[in-house]
Amino acid sequence: MERTAGDAVVQTGEAALHGGRKLAQKAARQCRELVKAKQKNTTVKTSETKLSERAQADSSHPAIRERQGSLPARKAAAATQRPHSPQKAAKTAPNTIRGVTESRRGIKTAQAAIQADRAATAQTAQMTARSRQMVRQAAETLQKASAAVKSAIRWAVESLKALITAAAAAGSVALLVVLLVCMIALVAGSAYGIFFAGESPGEGAMTAQEAVALLTEEYRDRLEEISQTVPHDREELTANDDVYYIQWQNVLAVFSAATAGDANGMSVSFIEESQLDALRQTMWDMNEITYFTYTEEIEVPVENPPDDEKEEPQTRTVTRTVLVISLEHKTPEEMRQEYPMTSRQEESLTLLCDPDTEQLWGELLGGFAAGSLDGEILTPGGSFDGGSLQWPLPVAGSITSPFGYRTDPITGEVSYHTGTDIAAPNGTPILAAADGTVVTANGVDSWGGSYGYYVKLDHGNGLQTLYAHCSSICVATGQQVQAGQVIGYVGHTGRATGDHLHFEVYENGQRTDAMRQFS
């Protein structure tokens, strides 16, 4: 492990040190406090020993023994001895008083030393407890991480657990810091270093979240450019996998495996300018945009028909141009063919695409709510009475935009609205409208094809619901949820002008008015 960690440190450089700097500084402070406490304890014990020796020496002196004797003994001795003269007694009195005062001071000093020793002992015990707690937390963190990185670092985790146990038994905080820094270097120097890219090491580099935000904006600009330059009356967005967002977990997995897994690989624990170009190329290779137009004929009502024809509705046939923007998403498996990979790179790609990593990707890119109300069941708000569905918020909210044709709040033009907008404060929990399975959980692309972060549920029997513009989500693809379970939080990501929930209902693949489900 020492040789492997050494190689990883050379590859990782400043990134690994930056990743462990805060932990090292904290542990170093604790270590210094522990050393000071032990030094203070040693000093107190030394003072106490000297005081004890002094007391023993003083007790051997005749005058001290006489002062330490019992009152009856002193009286008996006084009766058999020649009485002192008043003058001699007056001279002896100050010495006796000083002796008593010194004895009292000695007792107070001893008591203070004992109290200081107890305080030092308590502080040492507290530092030891903190060290053990730190070891337990590190072990728990590594245990959680092992589920994501699987067998590739299983041997390192097991080795580190054994060493952490040894460090805990020895009570060495410094050793623990060294082990953790080596572990950080080991993982950060591999393709898994992308999970450390949550904090930029300095000027000239960026975090994964910053890089993704920049490239997502470029992707969105391309979609808007097509929409604005191609004449059309209506627009449709389609995708080969029914997903309208960039699956950044797949893009970053391919990028990380290809970059860090190469023979002359680079660290991916932060994104440099040269790496940004490679990440951009991977994004476009995996997310192709094409478009085409077609015409359709529809019947629309006749405006201001003649008076003699008002008894029956009059319609006319209108030809409209439809712009279809098609998103072609490629999977990591398909990219194995386009990006020839070594066995090491393929192994890294397989592990990075494991379903267990979905939450890690969401936390890295900011769309997953860690420590949220995931799993909690809340009561729907308002007085809406639903049939197969229940109200998707714990508050009534207010409907700001219904399903169907409306005046677009951004463009000011009449357009077709595919869902129902319900205004609610930012961070309001979003509830599953019925029992179901999560089929889409976008916590990685804040644009999300204009939906922002969104969740789609399948309730069976051809019924599906979609919840868009979330500030964050707290469920994963394939997860089973119950009616009223918290699945996300209200926000305004994607194409939105304010905080609200965009709620869609699908029946047999066709969008329908969600409000028809409630009375």
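For the numbers below, each heavy atom of this structure counts, side chains included, while hydrogens, waters and symmetry mates do not.
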With a 4.5 Å heavy-atom cut-off, do [X] and [Y] have their side chains touching?
X    : Y    : result
N426 : H492 : yes
S401 : T420 : no
L457 : V438 : yes
T350 : R336 : yes
H502 : H469 : yes
P231 : T321 : no
L349 : V254 : yes
H459 : D435 : no

Drop me the distance from [X]'s [atom1] to [Y]'s [atom2], to the nearest 0.5 angstrom.
X    : Y    : atom1 : atom2 : value
L352 : I194 : CG    : CD1   : 9.0 Å
Y467 : I487 : OH    : CD1   : 5.0 Å
I473 : F368 : CD1   : CZ    : 7.0 Å
L223 : L237 : CG    : CG    : 7.0 Å
T216 : W447 : OG1   : CH2   : 11.0 Å
I325 : T290 : CD1   : OG1   : 9.5 Å

task: Determine whether the side chains of E507 and Q517 contain a donor N or O and an acceptor N or O closer than 3.5 Å.
output: yes
Item checked: Side-chain H-bond candidate by donor/acceptor type, T437 with Q479, under 3.5 Å -> no
Before giving the answer on side-chain contact (heavy atoms from CB on, under 4.5 Å), spell out for T293 and V324 the whole-Å C-alpha distance, their side-chain angles and the decisive distance to 0.1 Å.
-> CA-CA 6 Å; T293 60; V324 179; over 6 Å; no
Determine, for [X] against [Y], whether the closest basic-nitrogen to carboxylate-oxygen distance falls under 4.0 angstrom.
X    : Y    : result
R220 : E225 : no
R320 : E296 : no
R234 : E236 : yes

Does K456 count as lying over the ring of Y506, i.e. NZ or CZ under 6.0 Å from the six-ring centre, within 45 degrees of the axis? yes
Could you walk me through whether D421 and F503 pass the side-chain contact (heavy atoms from CB on, under 4.5 Å) test, one step at a time?
CA-CA 6 Å; D421 289 347; F503 183 49; over 6 Å; no
Hey, can you tell me if Y454 and Y245 have their rings parallel, tilted or perpendicular (30° and 60° cut-offs)?
-> perpendicular
Task: Parallel, tilted or perpendicular: rings of W361 and F195 (30°, 60°) - done: tilted
Is it true that a side-chain atom of [X] and a backbone atom of [Y] form a donor plus acceptor pair closer than 3.5 Å?
X    : Y    : value
E363 : L360 : no
D458 : V439 : no
Q485 : Q482 : yes
D513 : M515 : yes
T493 : S471 : no
E504 : L466 : no

Q) If you draw a 6.0 Å radius around NE2 in H232, do more than 12 non-hydrogen atoms from other residues or ligands fall strictly inside? A) yes
Under 3.5 Å, sequence neighbours excluded: what are the donor-acceptor pairs made by side chains of residues 270-277?
{"from": "Q275", "atom 1": "OE1", "to": "E272", "atom 2": "N", "distance (Å)": "2.9"}
{"from": "Q275", "atom 1": "NE2", "to": "S267", "atom 2": "O", "distance (Å)": "2.8"}
{"from": "D277", "atom 1": "OD1", "to": "R280", "atom 2": "NH1", "distance (Å)": "2.9"}

Run D285 and Y339 through side-chain contact (heavy atoms from CB on, under 4.5 Å) and show every step you take. CA-CA 10 Å; D285 288 345; Y339 291 180; 2.5 Å; yes
Review point. Taking it one step at a time, do V490 and L393 satisfy side-chain contact (heavy atoms from CB on, under 4.5 Å)?
Key: CA-CA 9 Å; V490 171; L393 294 170; 3.9 Å; yes
| said: Tell me if the centroids of the rings in W391 and F518 come within less than 6.0 Å of each other. | reply: yes
